[in-house]
Amino acid sequence: MRLIIAEKPSLARAIAEALPGSARRSDGALTVGDTTVTWCLGHLLEQAPPDAYDPALKQWRLDHLPILPDPWRLMPRPKARGQLAVVRRLLKEADSVVHAGDPDREGQLLVQEVLDYLKWRGPVSRLLVNDLNRPAVVKALEQLADNADFQALYRAAETRSRADWLYGINLTRAWTLTGRQAGHDGVLSVGRVQTPVLGLVVRRDAEIAAFTPRPFHVLWVDLAVEHGNLRAWWQPGEHHPLDDQGRLLERPPAEALAARLPDSQGTLTSLTAKKSRQAAPLPYSLSALQVDAARRYKLSAKAVLDTCQSLYERHKLITYPRSDCRYLPAAHHGPSRQSLTSACQGDATLGPWLAGADFSLRSKAYNDAKVSAHHALAPTGTRPDFSRLSATEANVFRLIARNVLAQFYPPLETREVKAEFTILEERFRAQGREILAPGWKPLFTTRDEAPPLPPLREGESARVQEVGVEDRETRPPEPFNDASLIKAMMNIARYVEDPAVKRTLRDSDGLGTEATRAGIIETLLDRGYLVRKQQALRATQTGHALINALPEAVSRAERTALWEQRLTDIAEAGSDPSPFLAGLVEDLRGLLGAADAGRMRQALSDSRGVAPAAPSATTSRRKPRGQGASKGSTTKRASAKRTSAKGASTRSASSKPTGSTGAASKTSRSTRRGKKTDDA
């Protein structure tokens with residue numbers, strides 16, 4: 001019997017449907033002829049907790065740190081034991097195995113760690129599927145590879161998992177214990193991804209708090225030109241008091257010029273016009289959808305993820321949602337007319353958009369070379385019953401369908417005009433934008449466009465009709481919200497100064513993954529490090545104190561960049577992971593040496609953030625796991641558990657730390673399904 005092990009049930013069903021013959025369902029598997037297809041539920045295994053290595057490590061003590069497992073152990077996730085037993089039973093009957101994890105680093109780890117744990121020693125092939133359409137799966141089944149060719153990818157994923165565990169477990173325990181010594185009654189969790197995200201918010205809040213508004217002044221004139229009227233803005237020269245953005249800092253120069261301007265004559269001395277063609281926005285990745293849905297409908301990142309999961313699993317209306325890709329397979333182009341026609345029927349919004357689509361067009365979105373482990377979110381072609389969808393589900397579905405429909409609209413064509421006038425030997429500028437061909441734009445309701453300028457010709461005269469001086473103030477940066485924080489996590493290179501690190505982060509996926517970013521935000525909220533104030537995400541006093549007490553390197557993204565460099569070397573060049581882990585242990589020793597109760601006490605005393613929200617009843621009822629044993633970070637797809645710890649510990653004490661939340665994240669709805677999660 002040939003056994004195919006898929007990463008998730010949806011992939012297993014797609015594989016079974018692509019095999020010749022009809023499928024027979026059994027407990028945890030599908031059988032077609034002499035092939036049985038079973039599945040994982042995300043990670044079936046997770047890194048063992050510290051007390052699995054030594055029962056004494058249930059107690060949180062500084063003199064136990066660093067905890068360094070040798071050899072490393074995995075254990076079944078509690079809710080995955082049943083499916084793991086299915087895989088174990090089927091392996092005993094199998095002659096060969098096909099590894100059908102996602103074609104990426106974590107997908108390689110997810111299935112292979114199960115094979116290693118269950119001690120499979122037979123032949124293993126590799127099935128690479130990134131498109132669940134039947135023809136694509138059939139083609140992939142005809143092109144099986146040797147799983148031995150992917151061992152470097154596996155080692156990189158395994159190394160990442162172990163590194164996150166070492167980092168999260170040891171730093172969480174260290175700062176929890178020093179926090180306790182400083183008077184903080186609770187767990188202070190630290191993670192490679194979570195903590196830099198918190199650092200972004202803390203630093204933004206600090207910028208806002210330290211911001212001092214500065215007044216500046218602008219002068220405008222309304223001009224009569226040959227074919228109409230327009231407004232132009234004075235460009236003060238360098239001999240005036242200006243800030244670094246060229247804004248006028250004193251009012252008298254503007255007032256003096258304004259007094260001379262009425263009825264003055266001037267000349268259009270410079271005129272430039274530029275035509276441009278802009279293709280439609282690409283179909284959505286999950287993060288891009290979370291950004292747009294947060295802006296348009298004020299939805300949290302988690303609400304968007306949960307909605308997508310419902311549209312995918314319950315309603316079967318969209319493709320796999322946890323994707324970081326914004327491109328579609330070329331094979332999807334032909335069937336798009338049929339799938340979109342079905343998806344848009346019966347909806348007053350989508351129907352007119354469908355009517356305007358030209359399916360003979362082929363956009364750059366259909367590009368196999370750009371498709372990664374998954375393709376962009378798209379309608380499946382199942383006809384929706386909008387009466388069965390919630391308002392949020394309908395709104396999110398329309399966004400997904402719209403961005404695919406937009407690929408069958410022509411480009412937006414515009415003409416941008418910039419004009420510079422000279423009046424009383426001073427420069428005034430005006431600019432406008434004219435839409436020449438709307439293309440896809442009517443599908444996207446955006447802010448009102450600036451009105452186009454009237455027809456102009458260089459050298460024509462202009463007469464001043466009205467003059468005004470406005471007093472304005474510089475504004476502080478906006479606090480983060482779900483949309484802007486997700487965008488910051490996607491584009492984390494913007495927040496890094498080192499050019500080499502910037503380049504690495506541009507080439508990586510940023511902080512977190514598509515599947516984990518919403519969970520990271522919710523984890524920070526659950527742990528009392530962030531709160532929502534209306535739509536804004538603000539750091540609490542505890543969040544500020546933790547970031548200020550940690551070494552700066554722990555709360556910045558540079559570490560992720562350096563890790564990704566090393567992991568890429570392991571995955572692509574076959575580098576030995578041992579030096580990376582040895583270097584991490586050395587780094588950890590230095591960081592642990594910086595855990596200082598005095599610094600923590602000062603940080604707690606000085607912290608200014610907002611008060612945390614009251615803990616939920618669910619949180620307060622939850623019991624500690626393993627009497628305070630740290631769970632830490634496991635793998636990006638491993639289910640994270642909420643633990644708590646009791647009491648306090650010094651280097652000589654043996655009591656356990658207290659707190660309402662532990663060193664690992666609250667299990668979200670999606671995590672309970674066995675999906676991807678992130679480190680502590």
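Annotation for Y297 and L399: closest pair CE1-CD1, 3.8 Å, computed over non-hydrogen atoms. The minimum heavy-atom distance between L591 and R559, with the atom names listed, is CD1-NH2, 3.8 Å. A pairwise comparison of heavy atoms in G439 and P442 identifies O-CD, 3.3 Å as the closest pair. Considering every non-hydrogen atom in both I547 and T195, the closest pair reads CD1-O, 3.7 Å. The shortest heavy-atom contact between L377 and C308 is CD2-SG, 4.2 Å. Scanning all heavy atoms of the two residues, the minimum distance from S189 to Y529 falls at N-OH, 2.9 Å.
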### side-chain hydrogen bond (donor to acceptor under 3.5 Å, both in side chains) evaluation trace for S607 with Q541
CA-CA 5 Å; S607 62; Q541 295 171 351; 5.2 Å; no
### Task
Kindly determine whether D596 and R601 satisfy salt bridge (charged side-chain N to carboxylate O under 4.0 Å, His left out), including the steps that lead there.
CA-CA 9 Å; D596 179 71; R601 188 177 297 109; over 6 Å; no
### Message
Between L257 and R260, is the side-chain contact (heavy atoms from CB on, under 4.5 Å) condition met? List the steps.
### Response
CA-CA 5 Å; L257 179 57; R260 300 165 50 212; 4.0 Å; yes
### Task
Take W440 and F408, measure what side-chain contact (heavy atoms from CB on, under 4.5 Å) needs, and give me the verdict at the end.
CA-CA 8 Å; W440 51 266; F408 299 96; over 6 Å; no
### Task
Kindly indicate, with the supporting measurements, whether the criterion ring pair (Phe, Tyr, Trp, His ring centres under 6.0 Å) is fulfilled by Y167 and W563.
CA-CA 12 Å; Y167 195 79; W563 280 30; 5.8 Å; yes
### Task
Dump the intermediate steps for side-chain contact (heavy atoms from CB on, under 4.5 Å) on Q290 and L299, then the final yes or no.
CA-CA 8 Å; Q290 286 169 321; L299 296 174; over 6 Å; no
### Query
Under the side-chain contact (heavy atoms from CB on, under 4.5 Å) criterion, do V201 and L485 qualify, and how do the steps go?
CA-CA 8 Å; V201 181; L485 188 54; 4.0 Å; yes
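Using a 4.0 Å cut-off between a side-chain N of Lys or Arg and a carboxylate O of Asp or Glu, E552 and R556 qualify as a salt bridge. Using a 4.0 Å cut-off between a side-chain N of Lys or Arg and a carboxylate O of Asp or Glu, D243 and R247 qualify as a salt bridge.
Within a 6.0 Å sphere centred on CD of E238, heavy atoms belonging to other residues, nucleotides or ligands number 12 at most. Open room surrounds CD on E466; 12 or fewer heavy atoms of other groups in view lie less than 6.0 Å from it. Open room surrounds CD on Q534; 12 or fewer heavy atoms of other groups in view lie less than 6.0 Å from it. No more than 12 heavy-atom neighbours from other residues, nucleotides or ligands sit within 6.0 angstrom of CZ on R415.
With contacts defined as side-chain heavy-atom distances shorter than 4.5 Å, the pair I520/M489 qualifies. With contacts defined as side-chain heavy-atom distances shorter than 4.5 Å, the pair D222/N229 does not qualify. A 4.5 Å side-chain heavy-atom check between K275 and L436 finds at least one atom pair inside the cut-off. Considering only heavy atoms from C-beta on, N548 stays 4.5 Å or farther from L604 through its side chain. Counting heavy atoms from C-beta on, the side chains of T267 and I423 never come closer than 4.5 Å. You'll find the side chain of Y327 stays beyond 4.5 Å of the side chain of P283, heavy atoms only. At least one side-chain heavy atom of L350 sits under 4.5 Å from a side-chain heavy atom of F397. I435 is listed as a side-chain neighbour of K441, based on a closest heavy-atom distance under 4.5 Å.
Distance check, rounded to the nearest 0.5 Å: NE2 of H374 to SG of C325 gives 10.0 Å. Atom CG of N491 and atom OG of S484 lie 11.5 Å apart (nearest 0.5 Å). In this structure, the separation between CG on N395 and CG on L389 is 10.0 Å, given to the nearest 0.5 Å. Expressed to the nearest 0.5 Å, how far CH2 of W175 lies from CG of L546 amounts to 9.0 Å. Note: T516 OG1 to Q194 CD = 11.5 Å, rounded to the nearest 0.5 Å. Within the model, atoms CG of L289 and CD of E514 stand 10.0 Å from one another, a figure rounded to the nearest 0.5 Å.
Checking side-chain atoms of N403 against main-chain N and O of L282 turns up a donor-acceptor pair under 3.5 Å. The main-chain N or O of G519 is never found under 3.5 Å from a side-chain atom of E522 such that the two would form a donor-acceptor pair. The backbone N or O of V531 sits nowhere less than 3.5 Å from a side-chain atom of R538 that would complete a donor-acceptor pair. A donor-acceptor contact shorter than 3.5 Å is absent between the side chain of T422 and the backbone of E425. Of the possible donor and acceptor atoms, one in the side chain of S264 sits under 3.5 Å from a partner among the backbone N and O of L261. The backbone N or O of V221 sits nowhere less than 3.5 Å from a side-chain atom of R231 that would complete a donor-acceptor pair. Remark: side-chain polar atoms of T172 are paired, donor with acceptor, to backbone N or O of V190 under 3.5 angstrom. In this structure, T540 contributes its side chain and G528 its backbone to a donor-acceptor pair below 3.5 Å. Put simply, the side chain of Q235 never gets that close to the backbone of F428: no donor and acceptor are under 3.5 Å apart. In this structure, Y409 contributes its side chain and W353 its backbone to a donor-acceptor pair below 3.5 Å.
Looking at Q309 and R322, their side chains do bring a donor and an acceptor atom within 3.5 Å of each other. A donor and an acceptor atom, one from each side chain of S310 and E393, are located under 3.5 Å apart. R599 and T178 are not linked by any side-chain donor-acceptor pair at a separation below 3.5 angstrom, with hydrogens and angles left out of the test. With no hydrogens or angles considered, no side-chain donor-acceptor pair links E420 and T269 at under 3.5 Å.
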Contacts table for residues 213-220: side-chain donor-acceptor under 3.5 angstrom, sequence neighbours left out:
unit_1, atom_1, unit_2, atom_2, d
H217, ND1, D471, OD1, 2.8
W220, NE1, E470, OE2, 3.1

Contacts table for residues 458-465: side-chain donor-acceptor under 3.5 angstrom, sequence neighbours left out:
unit_1, atom_1, unit_2, atom_2, d
E458, OE1, L271, N, 3.4
E460, OE1, E226, N, 3.0
E460, OE2, R457, N, 2.7

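For R427 and F421, the positive end is not near the middle of the six-membered ring at less than 6.0 Å and at most 45° from its axis.
Between H240 and W234, the ring centre distance stays below 6.0 Å.
With sequence neighbours excluded, the residues satisfying salt bridge (charged side-chain N to carboxylate O under 4.0 Å, His left out) with E416 are R433.
Of the listed residues (R532, K487, K298, R295), just one forms a side-chain hydrogen bond (donor to acceptor under 3.5 Å, both in side chains) with D482, and that residue is R532.
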